[in-house]
Amino acid sequence: MNPLRPIGAAFLRFLEATGRLSEFTAVAVSHCVRPPFYFRLLLRQMIEIGYYSLPVVGLTTLFTGMVLALQSYTGFSRFSAQGALPYVVVLSMTRELAPVLAGLMVAGRIGAAMAAEIGTMRVTEQIDALATLSTNPHKYLIAPRLIAGLTMLPLLVLVGDVIGVFGGYVISIYKLGFNPGIYLKSTWQHLEFMDVFSGVVKAAVFGFIVALMGCYNGYHSRGGAQGVGAATTNAVVSASIMILISNYIITELFFAK
Amino acid sequence: MSAPSNPVPKIRIRNLCKRFGSNVVLDGVDLDIATGESVVVIGGSGSGKSVLLKCILGLLEPDDGIIEVDGLSAIGLGAGEREAVNRKFGMLFQSAALFDSLKVWENVAFGLIQGGRMDRIQAREIAFAKLADVGLKAEVGELWPAELSGGMKKRVGLARAIATTPEIVFFDEPTTGLDPIMSDVINDLIAKCVRELGATALSITHDMASARKISDRIAMLYKGRIVWNGPTAEIDRSGNDYVDQFIHGRAEGPIRMEVRAP
């Protein structure tokens, strides 16, 4: 057998999958901006993604901020640069850690749930039923989730920024002996609009990716329980990888010299 | 069920072909269904009955052939045109396919609210009236689909299928998985609802008791082709070996089950 054959076949499969995802994205986005709009479903998805993800995002960013303060203090004390701690905490949280960690946590929580729900609807013919009831599945199922993902993750990240900085503040004040007033002043002085803005842009992209991969994998699931399980796994894995790749690209776009 | 009078068939199918990879499922299906007529397509498992329905509904795109609804092509339509054609249809799925996240009455009213843009309060009243039509109490309307038995799900599915007063109703294996008594109840309900709507009906089943009860005409699908098509009253003297074997449930005959010996 020609050894190039499996490589070529894998490449063609990749192109086919990319094409299908691109087409799905284009159709779904077009339904996001064309009426009718399902405001009730959009509100439900916003609550599901935004409100119910608050505890997991809050806990993640809180402990990340605390660990960041401890580790940074240990490292900076070797160079007598402990004074840079507030700046490092707020910069790391707003630019990188809050958006990336919130994106990954929401991918695990919401991306999996979307894939499982839509996948189950697919294998139990509920999506076919939507079409027979003159309701476009892309508009009814996909568009509200994409809009909710795009808008809610930035809000979650803003909350995560505050909680993460608070975690660093608590450790710095009560364990490392920083002066509260000086710590807060230093944090505020060094924080720039672009630090927060870049994190919010990342969060919007990550939220879109999580919702898109959850919907796409669920929508194309086949078979029974096994197919839905595979769709759920694929949704989380693909969203996580795409978050990490797009994080680098956005960082490059914002901050590359 | 009224006799057909319009010369243009409600649904016209010619040379319909559909394959999945190398597996040919529909291999040149020809079928006419007149306005107000109730046709049942019978055939064994895997004979292509469900694929035929899905092609008419636009859920699958045929590889070749013609499907016309009211004389207009129903193949290759855009999303808006497809939604307009589908407004003529009601469909009872084999598994009922009720939406888990909606209450029973919301399921029944779904087509009215989302497809028909009707006010929720008015749609709710119609939904409860349709539930009563299929013999379900008002309390059932407030339950979730997961709280219903198989027979109740079929009834709710039937209520949803007829709620928008469709011109054409499809029934996909309406009695599968039900006990004989509940099957007969569902058959009676289907016959009653189709008669009261004055709708055209296309059903697929391998339950002969159901086929005899709800149809004016029966067509048999075998290996992707219609091998017999005639009035229900004549099926016992069809003179077709495939039909005879199927309706009597015999293992011996021209239909060979593709079963490997252990």
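Lettering of chains follows the sequences in order, A, B, ..., and the numbering in each one begins at 1.
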Point to revise | Part of A:T124 within contact of chain B (heavy atom distance under 4.5 Å) | key: backbone
**Study point:** A:L133 side, atom CG; B:T164 side, atom OG1 - distance, nearest 0.5 Å
**Key:** 7.0 Å
Check your understanding: Does the ring centre of B:F110 sit less than 6.0 Å away from the ring centre of A:Y140?
Key -> yes
Practice item. Hey, could you give me the OG1/CG distance between A:T132 and B:L92, rounded to the nearest 0.5 Å? Key: 10.0 Å
**Study point:** Reported CG-to-CD distance for the pair A:N136 and B:Q114, which is rounded to 0.5 angstrom
**Key:** 12.0 Å
Review point. What's the shortest heavy-atom distance between B:E83 and A:S134, and which atoms?
Key: O-OG, 3.1 Å
**Study point:** OG1-CG distance between A:T135 and B:N86, expressed to the nearest 0.5 angstrom
**Key:** 10.0 Å
Point to revise | NZ/NE/NH1/NH2 to OD/OE distance under 4.0 Å, A:E125 and B:K54 | key: yes
Review point. When you look at CZ of B:F20, are more than 12 heavy atoms from neighbouring residues, nucleotides or ligands closer to it than 6.0 Å?
Key: yes
Point to revise | Neighbour count >12 (heavy atoms, 6.0 Å) for atom CD, B:E147 | key: yes
Review point. More than 12 foreign heavy atoms under 6.0 Å from CD of B:E61: is that the case here?
Key: yes
Review point. Crowded around B:R19 CZ? As in, over 12 foreign heavy atoms under 6.0 Å?
Key: no
Exercise for review: Check B:A97 against A:A129 and note the closest heavy-atom contact, atom names and distance.
Suggested key: O-CB, 3.9 Å
**Study point:** Portion of B:S95 that has a non-hydrogen atom of chain A nearer than 4.5 angstrom
**Key:** both
**Study point:** More than 12 heavy atoms from other groups under 6.0 Å of CD1 on B:I121
**Key:** no
Exercise for review: Report the distance from atom CG of B:D100 to atom CD of A:E117, rounding to the nearest 0.5 Å.
Suggested key: 8.0 Å
Check your understanding: Atom CG of B:L59 and atom CG of A:L130: how far apart are they, to the nearest 0.5 Å?
Key -> 10.5 Å
Check your understanding: Can you tell if the side chain of A:M121 reaches within under 4.5 Å of the side chain of B:F99, non-hydrogen atoms only?
Key -> yes
